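Accompanying notes for the structure given below.
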Amino acid sequence: MPLAIVHHPAFCADMPEGHRFPMNKFRRVAEQLVADGLVAPGGFHVPRPAPAAWAALAHERAYVDQVFSADVPRAVAREIGLPMTEAVAFRARCATAGTVLTATLAMERGIACNTAGGSHHARRAHGAGFCVFNDVAVAIRLGLSVGAIRRALVIDLDVHQGDGTADILTGDPAVFTLSVHARRNYPVRKRASTLDIALEDATGDVAYLAMLAETLPGILSRFRPDIVFYNAGVDPHEEDRLGRLSLSDAGLEARDRYVIGAVRRLGIPLAGVIGGGYLDDIDRLARRHTILHRVAAEFV
Ligand SMILES: [Zn+2]
């Protein structure tokens with residue numbers, strides 16, 4: 001059976017010309033996965049857009065309603081950094097449902113990956129930093145509420161701190177949030193995860209992988225989650241516009257293989273989301289995001 005991969009055409013919403021958010025990467029990721037044979041044409045698992053009730057499991061209802069009706073206050077829209085149109089709202093609903101579907105598939109098959117997700121700056125009160133709804137937080141809250149899971153671990157290796165995820169989930173004994181990020185980076189005001197590891201600029205592959213090997217096995221064996229949500233952001237890469245950790249493509253691949261291997265060896269289901277990545281060369285960026293899917297396919 002091939003790796004279960006989730007995609008919806010709406011992941012790539014229409015954006016104003018020249019906007020700094022690389023929206024087209026979501027289309028290219030899907031195209032490259034088909035071109036590389038990881039997914040048969042038409043073989044993606046397609047989510048249905050999330051209802052407001054799902055988003056409201058992680059966000060204040062007033063904000064959810066503002067997003068759904070494309071009526072987000074200007075100051076909030078500015079903090080999100082995306083035009084809060086109907087297309088962007090629909091995209092957020094599909095991406096959120098995509099991570100829910102990814103988690104469901106992971107519980108059934110052991111591993112599954114989204115081609116979006118990892119909107120970890122979206123906090124309870126509202127979105128921020130290109131993130132509208134916190135898809136991982138919604139998926140965890142939904143899984144807990146229906147009794148599909150009792151404990152969830154978030155392994156967030158995007159180069160930015162998972163402040164929104166921490167805001168929504170930290171303090172819930174059913175959830176462990178791990179954020180590994182660059183100390184000197186957005187967001188300026190970080191919120192405490194269960195465990196935060198703030199790395200210095202130019203950490204590099206070797207030190208990064210050593211840090212993971214020292215950290216992850218203990219968390220997995222002590223917390224024993226029913227599912228892991230893995231944010232495989234590629235913005236720690238040395239050429240990323242917003243990254244600072246100087247990882248290489250080989251380093252990202254080794255990172256993904258280490259994380260997925262450590263989780264799967266214990267028989268724990270893993271739901272992968274792509275997280276951040278910022279590069280003007282969309283083909284190159286999409287290729288980098290698909291490292292996650294290619295490595296995950298080794299563990300099916
Ligand atoms: Zn990021």
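Quick caveat: nothing in here was measured; it's all calculated off a predicted structure.
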Checklist entry - With R28, which residues qualify under salt bridge (charged side-chain N to carboxylate O under 4.0 Å, His left out), at least two apart? => result E31, D283
Spell out, as yes or no, whether a donor-acceptor pair under 3.5 Å connects the side chain of [X] to the backbone of [Y].
X    : Y    : value
D235 : G243 : no
T96  : R93  : no
T170 : A192 : yes

When the ring planes of [X] and [Y] are compared, do they come out parallel, tilted or perpendicular, using 30° and 60° as the limits?
X    : Y    : value
H160 : Y278 : perpendicular
F21  : F130 : tilted
H121 : Y186 : perpendicular
F11  : H7   : perpendicular

Checklist entry - Out of R244, H181, R183, M211, which one pairs with L199 under the side chain to side chain contact (heavy atoms under 4.5 Å, CB included) rule? => result M211
Checklist entry - Does R48 CZ have over 12 foreign heavy atoms under 6.0 Å away? => result no
What pairs with [X] under ring-ring contact (aromatic ring centres under 6.0 Å, His included), at least two apart in sequence or on another chain?
X    : value
H293 : none
F299 : none
Y230 : none

Can you find a heavy atom in the side chain of [X] that is under 4.5 Å from one in the side chain of [Y]?
X    : Y    : result
V100 : P47  : no
P73  : H126 : no
T99  : V6   : no

Checklist entry - Does V136 sit in a hydrophobic cluster with other residues, and if so which ones, taking ILVMFWY side chains as linked at heavy-atom separations under 4.5 Å, directly or through other members? => result M107, I140, L144, I149, V154, I168, L169, V175, I227, F229, V273
Salt-bridge contact [X]-[Y] (side-chain N to carboxylate O under 4.0 Å):
X    : Y    : result
R294 : D256 : no
D205 : R255 : no
D167 : R124 : no

Checklist entry - Hey, does the Lys NZ or Arg CZ of R91 hover above the aromatic six-ring of F26, less than 6.0 Å from the centre and inside 45° of the axis? => result yes
Item to check | Contacts of type side chain to side chain contact (heavy atoms under 4.5 Å, CB included), residue A77, not counting sequence neighbours | outcome: V72, M84
Item to check | Side-chain H-bond candidate by donor/acceptor type, N134 with H59, under 3.5 Å | outcome: no
Item to check | Spacing of H8 atom NE2 and N114 atom CG [to the nearest 0.5 Å] | outcome: 11.5 Å
